[in-house]
There are 2 protein chains.
Amino acid sequence: MATKYERIADALREEIRAGQLKPGTRLPAETALAEQYDTSVPTIRQATGVLVAEGLIEKQHGRGTFVRKAPTRVVRDNARHQWEKDRARASEAERLTTGATERDTGLTINDLVFEASYEQVPATAELAGMFGVPEGATLLQRTYRTRYREERTPLNRSQSYLVLDMIASNPDLLREDQEPWPGGTQNQLWTVGIELDRVVETFQARPPTPEEVEELGLPAGVSVIILRKVGIDTTDRVVEVADVVLPGDRTELTFTTKLTRW
Amino acid sequence: MATKYERIADALREEIRAGQLKPGTRLPAETALAEQYDTSVPTIRQATGVLVAEGLIEKQHGRGTFVRKAPTRVVRDNARHQWEKDRARASEAERLTTGATERDTGLTINDLVFEASYEQVPATAELAGMFGVPEGATLLQRTYRTRYREERTPLNRSQSYLVLDMIASNPDLLREDQEPWPGGTQNQLWTVGIELDRVVETFQARPPTPEEVEELGLPAGVSVIILRKVGIDTTDRVVEVADVVLPGDRTELTFTTKLTRW
DNA sequence: CAGGATAAGTCCTCAAGAGGAGTTGACGAC
DNA sequence: GTCGTCAACTCCTCTTGAGGACTTATCCTG
């Protein structure tokens with residue numbers, strides 16, 4: 001015999017699954033639900049709290065409790081690291097299996113706004129260790145935020161680090177006033193004689209910190225994806241490290257691994 | 001002015017961050033905290049509930065509330081799709097940037113137990129669409145569970161699908177009694193004339209369903225990573241689809257993308 | 001007609017308390 | 001000494017009640 005609030009949560013969850021409560025619908029008020037299920041308001045709040053944590057409903061202070069819509073997802077693909085010509089090789093099989101979300105959302109890069117800021121910072125012990133430079137060495141830190149046109153909360157926040165000494169031969173890379181990294185990081189690094197060989201991406205999912213909730217405008221119950229991207233050049237040096245914070249409910253990542261046999 | 005429970009949550013969070021409350025430590029009892037912060041037990045429970053959702057603490061009925069240890073992470077790397085010889089090419093740069101967790105945990109494949117079961121199921125509309133077969137066509141479904149030796153809850157659950165007709169030429173693939181897929185899926189498919197060309201992996205993070213909480217023994221506040229792996233052969237056919245459910249707090253995924261220039 | 005005040009409806013905070021259920025260690029019976 | 005019982009401690013459930021804060025629509029004022 002489950003507890004009272006669990007039974008209520010189950011009942012509501014079932015109504016949502018069955019489609020009786022459609023996305024966007026407002027649930028009855030807490031007092032109404034309390035009467036309907038013959039219990040008190042705190043017990044109702046406990047039940048709805050479960051569904052919030054599951055990401056099924058969303059509470060809005062003063063407005064009501066609503067069934068959440070499936071959020072718009074943004075697809076990231078590791079093919080973005082490749083040159084354009086290579087991307088064109090994407091075949092029908094890929095489109096069948098991964099293109100669906102992109103088609104559904106109908107979003108293109110033009111619907112997004114990018115913001116960037118540059119700063120010179122000393123290397124932390126962790127970053128210094130990865131780059132193989134002394135702790136405190138000067139790094140160029142670029143902070144990116146991506147948002148939908150006409151939305152305030154960004155879709156992601158990314159901080160990328162380069163060792164200043166490695167890129168000093170091209171002062172344009174340090175100019176704040178120009179479009180950040182036209183042609184992409186790979187091309188930019190090429191202009192200072194660095195040839196990127198491969199990118200290693202590591203990531204995990206965890207609940208957001210309060211700061212991340214604030215910055216990304218996350219509803220309760222969603223997690224963030226933490227992605228660390230490490231760029232390695234043809235001489236096996238770590239030349240770029242980037243930490244990206246992505247909202248878990250709005251992000252879908254795709255990676256293609258080509259298999260080799262020699 | 002933040003609310004009372006927020007201030008309490010902030011105070012406890014700060015104690016944890018500062019290391020005054022070390023991982024594994026038991027927090028004072030709810031009644032003691034209520035007295036300490038001059039409030040009621042429900043308010044204390046609300047405050048600690050925030051930290052549970054953030055994954056910082058864990059409540060154990062009858063025992064107490066404990067500061068969570070950083071969970072053991074299992075690293076998945078897309079290099080696992082490659083032949084062994086290729087893996088050996090992993091260089092110092094990779095080890096610097098991604099090998100740390102593997103070294104820290106000290107876990108090898110020998111510490112893990114694999115369970116598998118086979119079943120023949122009709123293709124759902126979604127799977128049929130991906131494979132390009134009629135809906136209801138017979139699929140071979142393999143269900144995997146991975147667990148630590150001497151732990152009951154599995155680390156992950158994976159369901160993999162193959163089209164029966166494609167692999168029918170090797171009846172050994174259907175034998176339940178043998179070690180599942182010796183040599184790996186890539187080698188096994190080779191025995192039926194299928195040459196895997198690439199693997200496309202798509203994933204997202206979301207809160208777990210109650211069933212997943214049950215099956216994977218997830219503490220409150222952690223999310224699951226849903227990974228869909230699609231194997232494509234050299235003739236651009238989708239030959240394998242696998243859905244993997246991973247606990248977000250115990251999993252770290254790594255992908256290496258080799259950049260090309262032609 | 002525009003703008004602000006108001007009222008109703010909503011979810012949120014906080015309190016105090018009773019009883020229940022899981023865990024642990026101490027104690028006593030055997 | 002071993003085992004089971006029991007008491008103490010823990011977190012969990014649920015209740016009742018009061019007031020606060022946010023949102024929206026209505027109504028009144030200018």
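Per chain, numbering begins at 1; letters A, B, ... match sequence-line order.
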C:dT13 phosphate, OP1 or OP2, under 4.0 Å from B:Thr43 side-chain N/O: no
Do side-chain atoms of A:Thr251 reach the backbone of A:Gly248 as a donor and acceptor pair under 3.5 angstrom? no
When rounded to whole Å, the CZ to P distance for the pair B:Arg45 and D:dT13 reads 7 Å
In whole angstroms, how far is the P atom of C:dC12 from the OH atom of B:Tyr5? 9 Å
So, does A:Arg26 get its side chain near the phosphate of C:dG9, meaning an N or O under 4.0 Å from OP1 or OP2? no
Mind checking B:Thr31 for me? I need base, sugar-phosphate or nothing, with any heavy atom below 4.0 Å counting as a touch. nothing
Please state how far atom CD in B:Glu30 lies from atom P in C:dG22, giving the value in whole angstrom units. 16 Å
How would you label the contact of A:Ser40 with the nucleic acid (heavy atoms, under 4.0 Å): base, sugar-phosphate, or nothing? base
Nearest-nucleotide check on DNA chain C, B:Val41 vs A:Val41; residue mapping nearer the 5' end is A:Val41
Roughly, in whole Å, what's the span from CG in A:Leu33 to P in C:dC12? 13 Å
Is any side-chain N or O of A:Arg63 closer than 4.0 Å to OP1 or OP2 of D:dT24? yes
Answer with yes or no whether B:His61 presents, from its side chain, a donor or acceptor under 3.5 Å of a partner atom in the base of D:dC11. yes
Residue pair A:Thr43 / A:Gln46, side-chain donor-acceptor N/O under 3.5 Å: no
When you get a sec, tell me which of D:dC14, D:dC11, C:dC14 is the closest nucleotide to the side chain of A:Thr3? D:dC14
Whole-Å distance separating the CD1 atom of B:Ile57 from the P atom of D:dC11: 10 Å
Take the protein atom CG of A:Leu27 and the nucleotide atom P of C:dC11, then report the distance between them rounded to whole Å. 9 Å
Between B:Ser160 and B:Arg142, is there a side-chain donor-acceptor contact under 3.5 Å, judged purely by atom types and distance? yes
Let me know the distance between CD of B:Gln46 and P of C:dC11, rounded to the nearest Å. 16 Å
On DNA chain D, more 5' by nearest nucleotide between B:Gln60 and A:Lys4 is B:Gln60
Are B:Glu58 and B:Thr65 packed together at the side-chain level, in the sense that at least one heavy-atom pair is separated by less than 4.5 angstrom? no
Under a 4.5 Å cut-off applied to non-hydrogen side-chain atoms, are A:Glu30 and A:Lys59 in contact? yes
By nearest-heavy-atom nucleotide on DNA chain D, the more 5' of A:Gly62 and A:Asp38 is A:Asp38
Ranking C:dT24, C:dC11, D:dC14 by distance to the side chain of A:Thr39, first place goes to D:dC14
Give the rounded distance in Å between these two atoms: OH of A:Tyr37 and P of D:dT15. 14 Å
